[in-house]
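To start, the structure itself, in structure tokens.
Everything numeric here is computed off the predicted structure, so don't read it as measured data. Chain letters run A, B, ... following the sequence lines, proteins first and then strands; every chain starts at 1.
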Amino acid sequence: MTSGFDDIPFFDEEPAPRKQPPGKPAAESPEPAGGLGIAARAMAARGQSRSPDYLSGLNPEQREAVETTEGPVLVLAGAGTGKTRVLTTRIAHILETGRAYPSQILAVTFTNKAAREMKERIGLLVGGAVEGMPWLGTFHSIGVKILRRHAELVGLRSDFSILDTDDIIRLIKQLIQAEGLDDKRWPARQFAGMIDGWKNKGLDPAQIPEGDARAFGNGRGRELYTAYQNRLKSLNACDFGDLLLHPIRMFRANPDILRDYHDRFRYILVDEYQDTNTAQYMWLRLLAQRSAPSRMTRDQTGAQASDRRPDDISSAPAQASADRRDTAASESKGRPTVNICCVGDDDQSIYGWRGAEVDNILRFEKDFPGAKVIKLERNYRSTEHILGAAGHLIAHNEGRLGKTLFTERTNPDDQKVMVHAAWDSEEEARAVGEEIERLQRGDADGKNHNLNDMAILVRASFQMREFEDRFVTLGLNYRVIGGPRFYERLEVRDAMAYFRLVCQPADDLAFERIINTPKRGLGDTTVRTLHDYARARDIPMLAAAADICETDELKPKARKSLWDVVQNFSRWSQRLETLPPNELAEQVLEESGYTDMWKNDKSAEAPGRLDNLKELVRSMEEEESMRAFLERIALVMDAEQNESMDAVSIMTLHSAKGLEFDTVFLPGWEEGLFPHQRALDEGGRSGLEEERRLAYVGLTRAKHLCHIWFVSNRRIHGLWQSTMPSRFLDELPNTHVEVAESDTSYGGYGRGGYGQSRFDKAEPFQNSYSTPGWKRAQANKTDATRDNWGNRSGHAVERIGYGESGPRGKTIEGELVAKSTSSTPSKFSIGDRVFHLKFGNGNVAGIEGNKLTIEFDRAGQKRVLDGFVEKVG
DNA sequence: ATCTGTGGACTTTTT
DNA sequence: GTCCACAGAT
């Protein structure tokens, strides 16, 4: 999203905005820079008494939200009420009326996807590309942009790198060991989580609660946090939290710089405000509170409260809310208006566990006195049954701002929300599969539904597997959204480590990652020597490596090998300025022997990894510099998805927020799973309420049909457990919900089913060979394709962002996917050593046509299709 | 250096 | 049940 730090448009590079009081009409405004079209249209708009095009088609509330440009505005936008439309139209309106230049608008979102979408839609409204919206982006991308410019003020260089979770855990692990603590007893992962939590709250090491500090590492939590920050600094690196916290520190310490930003950002817009955490809140407050310079400094540094030091990032959370109220009230007096517009929905706050504070949205009017609150309740997405069900459910939550969605489009044919019971999760998956096929065929309502219009939204990702299994069997196309991402794959991360080190020779984490990858005979001993050497002299490891080669501290073999690496990197670094990034990347991967490493690897996943590396290099073609690329990747973790094929989407409820589907399936509505037991245990009442909001999000994703399922038996951690229907089912209103008559012998809402054996029931499709899906699988067999993981499959499976270990936990039982005819002689013979993506290595014990019986080393005997195994050795 | 066995964890996840 | 990380063996 952001390109290199060196091309950030900044204050002095732009024409000075003509000072104009907020609210002055467009007519007096000069032509915005680079905005001929915009200006022309604005002029035209001004000349007409009629309202401009982009405003027509908005409902009165939306229109108010768009046109109330001055002063604080909170838009409470219920699900499907046109939230994005309001945000984008509002920006277009500000631009078209000449209230601000594109570069004077700060618009923050949580995800890159949302930012991208907004850019596109503003472009459509304003006509042409919105080149001049440099400050539309995620909290983090905007944070980086600010930080790159002022890095030295927080002790970093502007080419600092952004570490991902993996790096951070390795780093913390080193710190824990350096403290002489047992890294078994004190897991780095846990501490990383704690740091993340503190940073979400905007807490420096000095500010963390005593209890927290004691809770980890024999009471050394605070020291570890301090050590962690120091280490980051010496690595010239940041974690994600720092992208917000460093700017906050920098603003606090440099009021003059903050003032520049105040002058710049005439309008601030925030998407998904209910998801902001305390740090983001503080960041926004700093940018939003244009105030009298002298007073501001005091307030912003927290000096107002006597018990606080000036370097405090914030008041600690305990004191925060009370203080905030006071300061908000006092700060607002006699200040220029804050043109901040926050859009959100308290009923869709589902990220509390990640530090989001719903309280931020609940408190908006107190934070910004005189704020206008606009509720968008007119829903354009769902039927009245769906809205009725969702509304009734969410009404069980307390402490809401209280919205009730309604629709004006009622249709007597609309189906109620259906609740289905199934015996166990397997039957659930089967029933959902059948329903999907019914819809697809048009048997359900006479309409042929596209798979693209259907989604299965689960509470926890382990639920996905059963659906995947079933859909593989049926030959039903599906796509899994979420999960490990492209950029988290081993080979991609290795390659990135090389690139990082080329760009940033001080990146020790990258160094350690690749120094012996591929194997160069630089094992633990050498690395430790290097590490100590570097630490003793306070220099980066790559520099230490260069130095140490001049000495005789290493054995000749290691020294030679290390020297080669050092030479390579210095050569590559020199090419940084001259070669296009993709060419340099290719050279690095070739000359380092990294590509060869995978070429020589005979394992089944090696070809896929090589493909990924190619893809990585290819994706750098358009990039202007390797640095810019690294930054983009650090901030943009989502892989682009291929929407071309027709497929059912499978995803978690969390990743479904913001999406909509004609038909939505919501399986797993059982106590313990949904609401999740852990949410209840750890979150208590508020935990339950967040779960309920999650249910609300799920329901409101549906436009026309919504099917809820619950089962009586589910396997949890490997054990079969009988389960109770979710309490949320009882919270649905009868008027909008219908309990499906079970089409299997078991079933019926509330009928229990205990005491039955799961084998008692008659299976309608005991024989899978009679299912339509099997027939389809037969039909598809000719165009069996190879998917990304080297699986051959008769139907397309798309994984957005899955990789690394292949389809995680996808069971590919061959019997049911029979694809090739048995007439072709098998390419395997008894005794062959084979590899299976899921079961690992094994020996062929029997062959029947294309089905192999394999004795796996670990998984035991299995029957699988030959397409799913590879010969090895 | 690579393979194998064991122990622990296991909700949600963006940046 | 299953995945992952790591220690110890080969």
Side-chain angles (χ1 to χ4, degrees), chain A residues 1-2 108-115 137-144 162-165 168-170 173 183-185 187-190 193 196 199-200 238-244 272 275-277 279-280 350-356 457-465 481-485 487-488 516-525 631-638 651-658 668 672-683 687 690-691 693-694 697-698 715-720 801 804-806 808-811 838-841 857-859:
Chain A
M1 158 138 331
T2 48
V108 274
T109 62
F110 276 85
T111 64
N112 291 294
K113 199 177 150 206
T138 62
F139 276 99
H140 296 269
S141 65
I142 290 170
V144 185
I162 302 160
L163 302 184
D164 62 31
T165 332
I168 282 162
I169 287 173
R170 283 188 300 142
K173 192 164 191 169
D183 61 344
K184 277 278 160 50
R185 180 144 174 246
R189 186 168 292 279
Q190 189 195 340
D196 197 51
K199 292 199 170 180
N200 284 159
C238 263
D239 62 15
F240 280 116
D242 286 340
L243 298 181
L244 287 168
E272 305 279 18
D275 287 338
T276 48
N277 61 35
Q280 286 155 344
I350 54 175
Y351 285 106
W353 53 274
R354 221 167 56 185
L457 311 182
V458 298
R459 174 63 183 84
S461 43
F462 75 82
Q463 293 172 263
M464 292 180 181
R465 190 196 154 163
I481 293 169
R485 283 157 255 290
Y487 298 109
E488 282 167 14
N516 203 27
T517 311
K519 300 273 177 277
R520 303 187 172 94
L522 300 169
D524 277 357
T525 343
E631 174 153 318
R632 183 167 65 91
I633 296 322
L635 295 172
V636 182
M637 297 297 281
D638 52 349
M651 69 188 93
T652 63
L653 286 161
H654 283 91
S655 37
K657 195 169 77 160
L673 176 60
F674 194 33
H676 198 277
Q677 192 56 47
R678 215 154 127 179
L680 300 177
D681 293 346
E682 290 169 14
E690 184 155 313
E691 294 287 297
R693 291 192 290 267
L694 206 43
V697 167
R715 207 166 41 180
I716 296 164
H717 304 332
L719 295 167
W720 282 96
E804 191 74 32
S805 52
R808 189 182 48 186
K810 177 156 88 190
T811 317
K838 177 170 167 48
F839 302 124
N841 288 310
D857 302 351
R858 264 184 278 174

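Whole-Å rounding puts the A/Leu694 CG to B/dT12 C1' distance at 7 Å. For the pair A/Asn200 CG and B/dT15 P, the interatomic distance rounds to 14 Å; values are reported in whole Å. Taking atom CD of residue A/Glu272 and atom C1' of nucleotide B/dT13, one finds them 14 Å apart after rounding to whole Å. Note: CZ (A/Arg520) to P (B/dT2) measures 13 Å, nearest angstrom. For the pair A/His140 NE2 and B/dT15 P, the interatomic distance rounds to 8 Å; values are reported in whole Å. Taking atom CD1 on A/Ile169 and atom P on C/dC4, their separation rounds to 14 Å, with Å as the unit. Put simply, CZ on A/Arg632 is 13 Å from P on B/dT15, counting in whole angstrom units. For the pair A/Asp196 CG and B/dT15 P, the computed distance is 14 Å after rounding to whole Å.
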request  = Using a 4.0 Å heavy-atom cut-off, write out nucleotides 5-10 of chain C from 5' to 3' as B (base contacted by protein), S (sugar-phosphate only) or - (no contact).
outcome  = -SS---
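By the side-chain contact (heavy atoms from CB on, under 4.5 Å) test, A/Ala188 pairs with A/Ile169, A/Ile172, A/Lys173, A/Ile176, sequence neighbours left out. Residues meeting the side-chain contact (heavy atoms from CB on, under 4.5 Å) test with A/Asn200, sequence neighbours left out: A/Asp196, A/Asn277. Residues satisfying the side-chain hydrogen bond (donor to acceptor under 3.5 Å, both in side chains) test with A/Arg678, not counting sequence neighbours, are A/Glu682. Legend: residues meeting salt bridge (Lys or Arg N to Asp or Glu O under 4.0 Å) with A/Glu690, ordered by chain and number and at least two apart, are A/Arg693. Here A/Thr276 pairs with A/Asn360 under the side-chain hydrogen bond (donor to acceptor under 3.5 Å, both in side chains) rule; sequence neighbours left out. In this structure A/Thr517 satisfies the side-chain hydrogen bond (donor to acceptor under 3.5 Å, both in side chains) test with no other residue, sequence neighbours excluded. For A/Arg189, the side-chain hydrogen bond (donor to acceptor under 3.5 Å, both in side chains) criterion is met by no residue, not counting sequence neighbours.
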With 3.5 Å as the limit, what N/O pairs link the protein to nucleotides 6-11 of chain B?
residue	atom	partner	partner atom	Å
B/dT11	OP1	A/Arg678	NH1	2.1
B/dT11	O4'	A/His676	NE2	3.1
B/dT11	O2	A/Arg459	NH1	3.0
B/dT11	O2	A/Arg459	NH2	2.2

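In the set B/dT15, C/dG1, B/dT13, the nucleotide with an atom closest to the side chain of A/Arg715 is C/dG1. Listed candidates were C/dT2, B/dA1, B/dT13. Nearest to the side chain of A/Tyr351 is B/dT13.
Counting heavy atoms from C-beta on, the side chains of A/Gln463 and A/Leu673 come closer than 4.5 Å.
Between A/Ile350 and A/Leu243, the residue anchored nearer the 5' end of DNA chain B, judged by the nucleotide with its closest heavy atom, is A/Ile350.
The phosphate of B/dT14 has neither OP1 nor OP2 within less than 4.0 Å of any side-chain N or O from A/Asn112. Within the 4.0 Å cut-off from OP1 or OP2 of B/dT15, not a single side-chain nitrogen or oxygen of A/Lys113 is found.
Closest of all the heavy-atom pairs between A/Leu653 and A/Arg459 is CD1-CA, 4.1 Å.
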